Asks: 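Here's a structure for you.
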Amino acid sequence: MSAQDPVSDPAPLTSTDPAAEPADVRFLLIDGHAMAFRAFFALPADSFTDGRGQATNAVYGFVRMLVNVVQSEQPTHVAVAFDLAGGTFRDRIYDQYKGGREETPAQFIGQIALIEQVLDALGVTWLTVEDYEADDIIATLATRTAADGGSALIVSSDRDAIQLVNDAVTLLQPVKGMTELRRMTPAAIEEKYQVPPERYPDLAALVGETADNLPGVPGVGPKTAAKWITRFGGLEGVLAHADEITGKAGQALRDHREDVERNRRMNEAVRDLDLPADLARYGLGRGDTIALGGIFDDLAFGPTIRRDIPAVFLAPGGASAAEQGTGPEGPDPADVQRPTPEQVPALLRETFADGAALDLRGSWELGEGDCDLLALASADDLAVIDLVGLDDVAERAVAGWLADASIPKVAYDTKLAAHMLAGRALEVAGWRTDLAIAEFLCRPDQRPTDLPGLALRHLQEDLAASSAAAQQELDLEGADEGAEAERWARRADAVRRLEPLLRADLASHTVEALHDELELPLAGVLGQMERTGIAVDDDVLAELDAQHAQQQTDVAESAFSHIGGDRINLGSPKQLQEVLFERLGMPRTRRTKTGYTTNAEALEDLFAQTSHPFLADLLAHRDVTKMRQIIETLRRSISPAGRIHTTFHQNIAATGRLSSNNPNLQNIPARTEEGRRIRSAFRTSEGYEALLTADYSQIEMRIMAHLSEDAGLIEAFRSGEDLHNFVASRVFDVEPDAVDPAMRSKTKAVSYGLAYGLSAFGLSRQLRISQAEATALRDGYFERFGGVRDYLRSSVEKARETGYTETILGRRRYLPDLTSDNRQRRENAERVALNSPIQGSAADIIKLAMLRVDAALREAGCTSRVLLQVHDELVVDIAPGELDAVRTIVAEGMGSAYELSVPLSVGMGVGRTWLDAAH
DNA sequence: ATACTGGTATG
DNA sequence: TCCATACCAGTATT
């Protein structure tokens, strides 16, 4: 019989949350003190401090452990129990309890309080009970949960937790470090200790517990104790039959019977403490990202751990729990509606008449895509429509709902959603918010430490993980459609809940118009461009590759011959360094992290000094290798239909430019004759007549003129003369006719360097002139174009005051480093501050132009279409007979996209291929 | 397998 | 020690 009074029936946990049926509860219970202590010894206290002398290693380790367990075990509820400093009832039973322990290490002190603060910010309930230990709290909650039909997971290194294990309660014991946990089920415990979990306290009472200073029976270890317990059915039986046990051990047992009985009284967990019974108190998702950011800042925690905080801790949308009100709101993803085809029209007509957040299960790559599940979320309803197997009526209902511009729609990535729907011949209109774009406009430099955006990034990661998981299940054909529907409903619901927060964010950064009128509609245009793709002639690429392949081997052989025939890997900087600087004894170049640079600039310098033929061959080899790489990448990207479909991203380049990948079509060679040949493989489509390229000339300098209001620069552009010639004539104080090419190229370098925050050092290196000469050049420039100098100075100052730079359309970029004490960081931020308004305004302008051109082509009934954007250039596919019309539309659309104080000049060229269309 | 580094292509 | 990107091969690291 237990040494303790019979345990009263546990009070059932009450649920104020209709979503959480007690039977669905997975309750994670953590012994806070034990785990913090373990973390303290697992991590070096000296390397984890907050910078003010407070050690944070236990906090860090504890949080890591918590995050890991929550991620891997996916509990629905969590509580952390702590011991209190004063004694407990056990000390009154036995005054030597836990005696003889070492003094708490000085560096551990205070870390429990910090852990409690972090838990508060994470919205995780932590508990202490006067006169009781953490284990009693855990025992109470685990017992209640199991009684209600739920399951519990206990994380504790304390052996007292073993007795709590049963079919519904699992113990996770730390094995080594903080993150490796052993799963102790009843079977695992029986295997390890030879007794079932409920008999473990019997065993412990006999063996004793040194950690608690509880002596057991001398000479009796776990083996003997387990044998006795099994033989007599428990400790009660063992004690009742103590006389029958022969030998030394039997005598020892009889001699220490009182110790054993005391031990058993001490190690029985208390399971009926008076604890809050409301389950919602222990629910996840009540974290406060702002508070968490503050605490992590105080603790000097880096970006890694911030990034690893799963969204499950955070309140919907990342707002504080206080703002949100506690508890989950809205429909329960488990109650997702899964309409039959007959129900679809009514569902869309009635339930989602006012719009929805949506998310799709599907794919998009190589210009092809498809989707099969459409998840919809409103404030009150969740539905997942199976797009496969719809009847005609249902299909028309879906198509009509999607295409109805008066029904607002929201998605995390609208362009991707449109791609997947386009695969089913479905068009979408009425997009209201693209969460990824909204997030980007508010925080273009997405740093993991920017906590307000954390919840969104977690949504993004969750979306990605969810898609990956679904794909895996699909591959294994083990997909459970019910679980899938719930998962996708959850995703759509997250989008739905985040939208108002992102809208508020857009408003507070004054970038609503930028989202609504520029980026969001642009996503539609880019989607069209991506789906269309550009025709590529693989034969041309194959031929180019063959030529380069021959050249590559020739030049490599030649290179080897110049270093004694050693066939080194010419692509290995390490091996090159060995040859150049060790074997050939060439002068060392600029240092890199891992050695000395072997970049083209340095190799050319070396060649100038040594004239070693190996260098020339190496450079040639680099060129041809790069060329083959590009060709190979492009060839691999060609779709079966013979087209390349890049992806344009609106949320990568912090200045607001687009980026292109898979493949990148914005860095196809253009500067060298040889490289440009690749452009001849890009050609007009079947049934089309030609490609047209249109680019802005000197758009960045024109923006500089506009923003700086420099009279000289404005005059330069209005005069219609060659810009750099004009500027050079002013800088060098000569007649325009007298400007020589050297003067022109020098001023050109200064002009462009200015917008990059170019230093005298950088300018001298660029032009290969002395620093003094570079300084004189820059000063001369500023003397004649004082407005530019004043503008550059004042724009950095303004950014330092406001904390951000701004483009002509109000696109912001926040630069906290402008006030950094670190010179390197500050100066870098200053250069960024100089460049961002200029590069960003240019991006704004061409984006406006794209909208105008696309709309005008449509309006004119043209079949011609924009295919690519390369920062200041558009590539258009011209349909037969439309050349003149398109020329006019593009010239007008680009030229009048935005009114600057100087004209926007657009150059155009036409040809069968991208190369021929150059001008 | 995954992350980083150096190199090079573009505007 | 000049802004913004993407991608590759080699190398180092779990």
Side-chain angles (χ1 to χ4, degrees), chain A residues 179 304 444-445 568-577 589-603 618-619 621-634 636-637 646-672 674-676 678-679 695-701 704 749-767 771 774 778 792 805 813 815 823-824 827-843 846 868-874:
Chain A
T179 49
T304 320
D445 288 275
I568 63 162
N569 183 344
L570 296 172
S572 163
K574 203 176 158 192
Q575 295 181 36
L576 283 176
Q577 285 170 50
T589 54
R590 176 173 59 81
R591 280 228 56 134
T592 66
K593 266 191 191 117
T594 49
Y596 300 91
T597 184
T598 63
N599 67 20
E601 193 191 343
L603 294 182
L618 176 57
L619 284 163
H621 185 263
R622 285 242 177 104
D623 283 348
V624 73
T625 303
K626 180 73 181 171
M627 221 45 80
R628 289 199 70 191
Q629 257 173 27
I630 293 171
I631 293 165
E632 172 64 21
T633 306
L634 290 175
R636 272 207 308 262
S637 311
T646 186
T647 301
F648 291 105
H649 294 276
Q650 289 167 277
N651 58 350
I652 300 293
T655 51
R657 275 192 178 176
L658 297 178
S659 80
S660 154
N661 72 3
N662 268 311
N664 182 357
L665 293 187
Q666 290 182 323
N667 70 344
I668 303 302
R671 290 173 186 175
T672 66
E674 187 61 20
R676 269 198 295 274
I678 292 178
R679 293 185 170 224
D695 64 12
Y696 284 116
S697 42
Q698 300 130 356
I699 188 168
E700 295 194 344
M701 280 309 288
M704 175 84 93
V750 179
S751 287
Y752 281 100
L754 290 174
Y756 297 153
L758 186 60
S759 62
F761 177 91
L763 186 61
S764 69
R765 212 165 57 110
Q766 167 102 19
L767 291 172
Q771 259 195 74
R778 193 188 59 183
L792 292 174
T805 64
R813 183 166 183 189
L815 296 169
R823 191 168 67 96
Q824 163 109 30
E827 288 180 347
N828 197 48
E830 285 170 355
R831 287 191 296 274
V832 171
L834 289 174
N835 178 255
S836 292
I838 294 169
Q839 194 184 108
S841 296
I846 195 163
L868 301 177
Q869 188 253 41
V870 191
H871 308 309
D872 65 354
E873 171 188 8
L874 297 181

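This structure is a prediction, so every number in the text was calculated from the model and none was measured. Each chain gets a letter, A, B and so on, in the order the sequences are listed, and its residues count up from 1.
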Asks: With distance as the sole criterion, do the side chain of A/Gln629 and the base of C/dC8 form a donor-acceptor contact below 3.5 Å?
Replies: no

Asks: Under the rule for side-chain contact (heavy atoms from CB on, under 4.5 Å), what residues qualify as partners of A/Arg823, not counting sequence neighbours?
Replies: A/Arg826, A/Glu827

Asks: Hey, what are the protein-to-nucleotides 12-14 of chain C N/O distances that come in under 3.5 Å?
Replies:
from, atom 1, to, atom 2, distance (Å)
C/dA12, OP1, A/Lys574, NZ, 3.2

Asks: Within the pair A/Asn569 and C/dG10, is there a side-chain N or O less than 4.0 Å away from OP1 or OP2?
Replies: yes

Asks: Residues two or more places apart in sequence or in another chain: which of them pass salt bridge (charged side-chain N to carboxylate O under 4.0 Å, His left out) with A/Arg628?
Replies: A/Asp545

Asks: Could you pull out all residues at least two apart from A/Glu873 that satisfy salt bridge (charged side-chain N to carboxylate O under 4.0 Å, His left out)?
Replies: none

Asks: Looking at residues at least two apart in the chain, or sitting in another chain, which of them share a side-chain contact (heavy atoms from CB on, under 4.5 Å) with A/Thr597?
Replies: A/Thr589, A/Arg590, A/Thr592, A/Asn599, A/Ala602

Asks: In whole Å, I'd like the distance from the CZ atom of A/Arg591 to the P atom of C/dT1.
Replies: 15 Å

Asks: List in chain and number order the residues that pass ring pair (Phe, Tyr, Trp, His ring centres under 6.0 Å) with A/Tyr756, two or more places apart in sequence or in another chain; answer none if no residue qualifies.
Replies: none

Asks: Mind checking which nucleotides bracket the chain A contacts on DNA chain B, 5' to 3', with an atom under 4.0 Å from a heavy atom?
Replies: B/dT5 to B/dG11

Asks: Under 4.0 Å, heavy atoms only, any strand: does A/Ile668 hit a base, just the sugar-phosphate, or nothing?
Replies: sugar-phosphate

Asks: Side-chain N or O of A/Asn828 versus OP1/OP2 of C/dT1: is the shortest distance under 4.0 Å?
Replies: no

Asks: Within the structure, does a side-chain N or O atom of A/Ser659 lie under 4.0 Å from either OP1 or OP2 of C/dA6?
Replies: yes

Asks: So A/Arg671, base contact, sugar-phosphate only, or nothing? Heavy-atom distance under 4.0 Å.
Replies: base

Asks: Roughly, in whole Å, what's the span from CZ in A/Arg622 to P in C/dG10?
Replies: 12 Å

Asks: A/Ile699 has an atom CD1; how far is it from atom C1' of C/dC3, in whole Å?
Replies: 16 Å

Asks: Base, sugar-phosphate, or nothing: which does A/Thr597 touch, judged by heavy atoms less than 4.0 Å apart?
Replies: sugar-phosphate

Asks: Output the distance between atom CG (A/Asp872) and atom CD (A/Gln839), rounded to the nearest 0.5 Å.
Replies: 11.0 Å

Asks: Tell me: CZ of A/Arg813 to P of C/dT5, nearest whole Å?
Replies: 6 Å

Asks: Remember a base hit wins even if backbone is also touched, and classify A/Thr598 as base, sugar-phosphate or nothing at under 4.0 Å, heavy atoms.
Replies: sugar-phosphate

Asks: Which is true for A/Ala654 with a 4.0 Å heavy-atom rule: it touches a base, it touches only sugar-phosphate, or it touches nothing?
Replies: sugar-phosphate

Asks: For A/Ile568 and C/dA9, what is the distance between atoms CD1 and C1' respectively, to the nearest whole Å?
Replies: 14 Å

Asks: To the nearest Å, give me how far apart CZ (A/Arg778) and P (C/dT1) are.
Replies: 17 Å

Asks: Who pairs with A/Arg636 by salt bridge (charged side-chain N to carboxylate O under 4.0 Å, His left out), at least two apart in sequence or on another chain?
Replies: A/Glu632

Asks: To the nearest angstrom, how far is A/His621 atom NE2 from C/dA9 atom C1'?
Replies: 12 Å

Asks: With a 4.0 Å cut-off on heavy atoms, is A/Arg657 in touch with a base, just the backbone sugar-phosphate, or nothing at all?
Replies: base

Asks: Whole angstroms only, please: what is the OH-P distance between A/Tyr756 and C/dT1?
Replies: 19 Å

Asks: Give one of base, sugar-phosphate or nothing for A/Asn667, where a contact means two heavy atoms less than 4.0 Å apart.
Replies: base

Asks: For a quick check under 3.5 Å, do A/Ser836 and A/Thr805 share a side-chain donor-acceptor pair by atom type?
Replies: no

Asks: With sequence neighbours excluded, tell me which residues meet ring pair (Phe, Tyr, Trp, His ring centres under 6.0 Å) with A/Tyr596.
Replies: A/Phe581

Asks: Would you please confirm or rule out a distance under 4.0 Å between OP1 or OP2 of C/dA4 and any side-chain N or O of A/Ser836?
Replies: no

Asks: By the 4.0 Å heavy-atom rule, please label A/Ile652 as base, sugar-phosphate, or nothing.
Replies: sugar-phosphate

Asks: Does C/dA4 have its OP1 or OP2 closer than 4.0 Å to a side-chain nitrogen or oxygen of A/Arg831?
Replies: no

Asks: For a quick check of understanding: with a heavy-atom distance under 4.0 Å over all strands, which category does A/Ala600 fall into, base, sugar-phosphate or nothing?
Replies: sugar-phosphate

Asks: Would you classify A/Arg590 as touching base, sugar-phosphate or nothing, given that sugar-phosphate means primed atoms plus P, OP1 and OP2, and contacts are heavy atoms under 4.0 Å?
Replies: nothing

Asks: Do A/Tyr752 and A/Leu758 have side chains that approach each other closer than 4.5 Å (heavy atoms only, starting at C-beta)?
Replies: no

